[in-house]
Asker: 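Let me give you the structure first, and then I'll get to my questions.
All ligand and atom numbering here is 1-based and tracks the order in the structure.
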Amino acid sequence: MSGGQRLLLENAQQVVLVCAQGEPYLVGEAMRSLAVLENASLVVGRDGCIKAVGLADTIRREFAKVSFEERIDCSGKCILPGLVDAHTHPVWAGDRVHEFAMKLAGATYMDIHQAGGGINFTVEHTQKASEEELFSTFRYRLLCMMRAGSTLVECKSGYGLNLETELKMLRVIERARRELDISISSTYCGAHSVPKGKTPTEAADDIVYNHLPKLKELCQRSEIHVDNIDVFCEKGVFDLHSTRKILQRGKAIGLQINFHGDELHPMKAAELGAELGARAISHLEEVSDAGIAAMATGKCSAVLLPTTAYMLRLKQPQARKMLDEGVIVALGSDFNPNAYCFSMSTVMHLACVNMRMSMSEALAAATINAAYALGRSHTHGSLEVGKQGDLIIINSPRWEHLIYQFGGYQELIEYVVAKGKVVYKKDSTNLKGHEEEREEK
Ligand SMILES: N=CN[C@@H](CCC(=O)O)C(=O)O
Ligand SMILES: [Zn+2]
């Protein structure tokens with residue numbers, strides 16, 4: 001083979017492909033036996049896609065005469081796919097640290113919400129914020145997520161509620177999609193809370209008759225790009241009837257259904273999602289047995305959010321039951337002012353400890369299955385030839401350290417690569433001479 005390529009990653013101790021047969025998602029036993037190569041190398045081409053991955057000797061021979069823009073020696077290190085964060089609310093203004101104190105003192109999420117705090121507090125501040133201010137904090141948060149290893153992130157609107165602010169948020173997401181290296185799946189979440197002065201029915205009608213037609217027009221003109229439609233289907237927010245109406249209309253204008261359901265109360269959201277052909281439902285702490293069965297049959301993925309159950313001390317979603325019944329389980333950070341977590345390594349750790357997932361299951365859920373939840377598993381979520389060259393290199397000879405070292409992803413993640421380009425490289429100058437821990441392995 002001749003001609004230049006963008007990036008060669010050589011001699012990694014392990015390359016975690018996750019899967020190797022073009023699987024769109026993993027369930028059951030396949031989640032417990034991920035595809036991993038030992039002593040392997042990987043090549044990304046100038047188009048940003050993976051050209052080859054295989055044993056180091058084979059790649060060395062095959063690419064002997066090829067030049068590379070960049071080479072990284074990965075001896076003693078592991079390469080994994082870029083992590084996929086399937087659920088975030090990263091565009092907002094206004095600090096809610098005081099609510100953390102209230103929750104620690106015993107207030108519930110809904111106590112705060114009904115007293116005008118929570119989402120409503122953030123909506124007030126986000127409505128007042130300028131587009132530039134929102135972009136600047138959003139950009140910072142995305143860079144933090146990228147340093148933590150996420151290379152594809154779902155990003156919701158939903159702190160605007162009125163059309164003007166929802167569009168402001170979607171434009172901010174669109175700008176990041178065009179300007180930054182991280183890949184984004186954009187979600188319209190105008191039904192995140194019922195705006196002051198409206199009933200849920202009036203709010204749903206405003207979305208169906210005003211917001212969605214405008215969204216369709218802007219998408220057709222390519223001014224913004226929206227992938228998914230979301231609703232907070234919850235007692236005291238949007239009931240099943242309004243949720244159905246909004247999701248159906250969203251689907252009719254070409255959006256994937258991906259919504260919040262069965263979080264604080266059993267709502268039969270899972271049953272509704274499966275019936276409507278939803279791509280994903282998030283939370284599911286209160287899902288019914290029938291809902292789990294319907295999601296498995298309908299290939300509707302469950303996006304579990306361990307940070308929320310932890311932060312709000314909710315009962316844990318039944319991850320084991322979902323896995324045993326063949327539901328496509330994915331993970332998300334739920335990054336938002338209630339659950340301030342950038343790190344999918346932390347999320348995987350919580351999923352293992354609190355939801356009893358194995359490390360392999362958690363990694364599959366944070367890569368290929370999270371990509372499936374966003375309709376992107378043909379391009380993301382595994383290290384396979386033809387997929388986008390998004391990956392991370394960790395300074396450990398075993399990949400499981402990414403989950404095990406739950407307080408220290410900053411020390412472990414050495415490189416983050418998006419489309420074959422190094423977008424983050426750890427500065428380890430301060431650690432020189434203090435590497436005994438690493439050398440022992
Ligand atoms: N549950 C609804 N939405 C968010 C919380 C948003 C907020 O509190 O600002 C969630 O997924 O956890
Ligand atoms: Zn959410």
Side-chain angles (χ1 to χ4, degrees), residues 85-100 102-103 107-127 129 134 137-138 141 153-161 165-166 169 173 185-195 200 228-239 243 246 257-267 269 273 278 280-287 301-317 330-342 347 350 370 373-374:
D85 189 341
H87 184 132
T88 81
H89 304 251
V91 185
W92 86 76
D95 188 355
R96 272 168 52 193
V97 70
H98 61 284
E99 288 185 3
F100 183 47
M102 290 162 76
K103 284 171 223 155
T108 68
Y109 183 79
M110 270 302 170
D111 290 339
I112 296 172
H113 182 83
Q114 272 150 7
I119 297 174
N120 301 319
F121 175 96
T122 307
V123 166
E124 237 173 75
H125 286 77
T126 307
Q127 286 181 348
L134 286 177
T137 47
F138 176 44
R141 291 167 193 154
V153 176
E154 186 261 7
C155 299
K156 299 176 195 296
S157 69
Y159 292 122
L161 306 187
T165 316
E166 284 298 311
M169 294 182 76
I173 296 172
S185 176
S186 165
T187 301
Y188 164 74
C189 185
H192 196 198
S193 182
V194 177
N228 316 294
I229 175 128
D230 194 349
V231 174
F232 187 13
C233 178
E234 182 57 58
K235 195 168 159 194
V237 191
F238 289 95
D239 66 10
T243 302
I246 296 167
I257 298 179
N258 184 329
F259 70 111
H260 292 67
D262 296 326
E263 176 186 356
L264 304 171
H265 299 91
M267 299 288 292
I281 306 173
S282 289
H283 286 292
L284 298 164
E285 285 82 355
E286 299 286 347
V287 70
S301 53
V303 179
L304 304 184
L305 307 171
T307 60
T308 327
Y310 163 75
M311 268 289 305
L312 299 178
R313 300 190 176 119
L314 303 179
K315 86 178 191 206
Q316 298 290 330
L331 288 170
S333 69
D334 198 14
F335 177 82
N336 77 71
N338 174 58
Y340 203 105
C341 175
F342 293 125
V347 167
L350 290 173
L374 305 178

Asker: Check ligand 1 against Arg96 and write out every atom of the ligand that is under 4.0 Å from a heavy-atom position of the residue.
Answerer: 7 (C), 8 (O), 9 (O)
Asker: Less than 4.5 Å apart, side chain to side chain, heavy atoms only: is that true for Ile229 and Phe259?
Answerer: no
Asker: Do Lys235 and Leu264 have side-chain heavy atoms sitting under 4.5 Å apart?
Answerer: no
Asker: Do Lys156 and His89 have side chains that get closer than 4.5 Å, going by heavy atoms?
Answerer: yes
Asker: Between Phe335 and Trp92, does a ring-ring contact (aromatic ring centres under 6.0 Å, His included) hold up when you go through it step by step?
Answerer: CA-CA 11 Å; Phe335 177 82; Trp92 86 76; 5.3 Å; yes
Asker: Which atoms of ligand 1 are found less than 4.0 Å from any heavy atom of Asp334?
Answerer: 10 (C), 11 (O), 12 (O)
Asker: With only distance considered, is Thr308 within less than 3.5 Å of ligand 1 through an N or O on each side?
Answerer: no
Asker: Using side-chain heavy atoms (C-beta onward) and a distance below 4.5 Å, is Glu263 in contact with Thr308?
Answerer: yes
Asker: At the 4.0 Å heavy-atom cut-off, does Glu234 count as touching ligand 1?
Answerer: no
Asker: Quick one: does His87's side chain get under 4.5 Å of His260's, heavy atoms only?
Answerer: yes
Asker: For ligand 1, which atoms, with element, lie under 4.0 Å from some heavy atom of Ile119?
Answerer: 6 (C), 7 (C), 8 (O), 9 (O)
Asker: Identify, by atom number and element, the atoms of ligand 1 in contact range of Glu263, meaning under 4.0 Å from any of its heavy atoms.
Answerer: 1 (N)
Asker: Under a 3.5 Å threshold, yes or no: a donor from one side chain and an acceptor from the other, between Asp85 and Ser333?
Answerer: yes
Asker: Could you tell me whether the Zn ion (ligand 2) has an N, O or S atom of His89 under 2.8 Å away?
Answerer: yes
Asker: Against heavy atoms of Tyr109, which atoms of ligand 1 measure under 4.0 Å?
Answerer: 5 (C), 6 (C), 7 (C), 8 (O)
Asker: Report, in ascending order of atom number, the atoms of ligand 1 lying under 4.0 Å from any heavy atom of His192.
Answerer: 2 (C), 3 (N), 4 (C), 6 (C)
Asker: Would you call Thr122 a ligand 1 contact, heavy-atom distance under 4.0 Å?
Answerer: no
Asker: Does ligand 1 have an atom that lies less than 4.0 angstrom from a heavy atom of His87?
Answerer: yes
Asker: For the residue pair Pro195 and Val123, establish whether any side-chain heavy-atom pair is separated by less than 4.5 Å.
Answerer: no
Asker: For atom OH of Tyr340, is the number of surrounding heavy atoms from other residues, nucleotides or ligands below 6.0 Å larger than 12?
Answerer: yes
Asker: Measure the shortest side-chain to side-chain distance between Met169 and Cys189 over non-hydrogen atoms and say whether it is less than 4.5 angstrom.
Answerer: no
Asker: Under 3.5 Å, N or O to N or O, is Asn338 touching ligand 1 that way?
Answerer: no
Asker: Once rounded to 10 degrees, what value does the angle at the Zn ion (ligand 2) take between NE2 (His87) and NE2 (His260)?
Answerer: 100°
Asker: Should one rank Phe232, Phe121, Trp92, Tyr159 by closest heavy-atom distance to atom 6 (C) of ligand 1, which comes out on top?
Answerer: Tyr159
Asker: Quick one: which ligand 1 atoms are inside 4.0 Å of a heavy atom on His89?
Answerer: 3 (N), 4 (C), 10 (C), 11 (O)
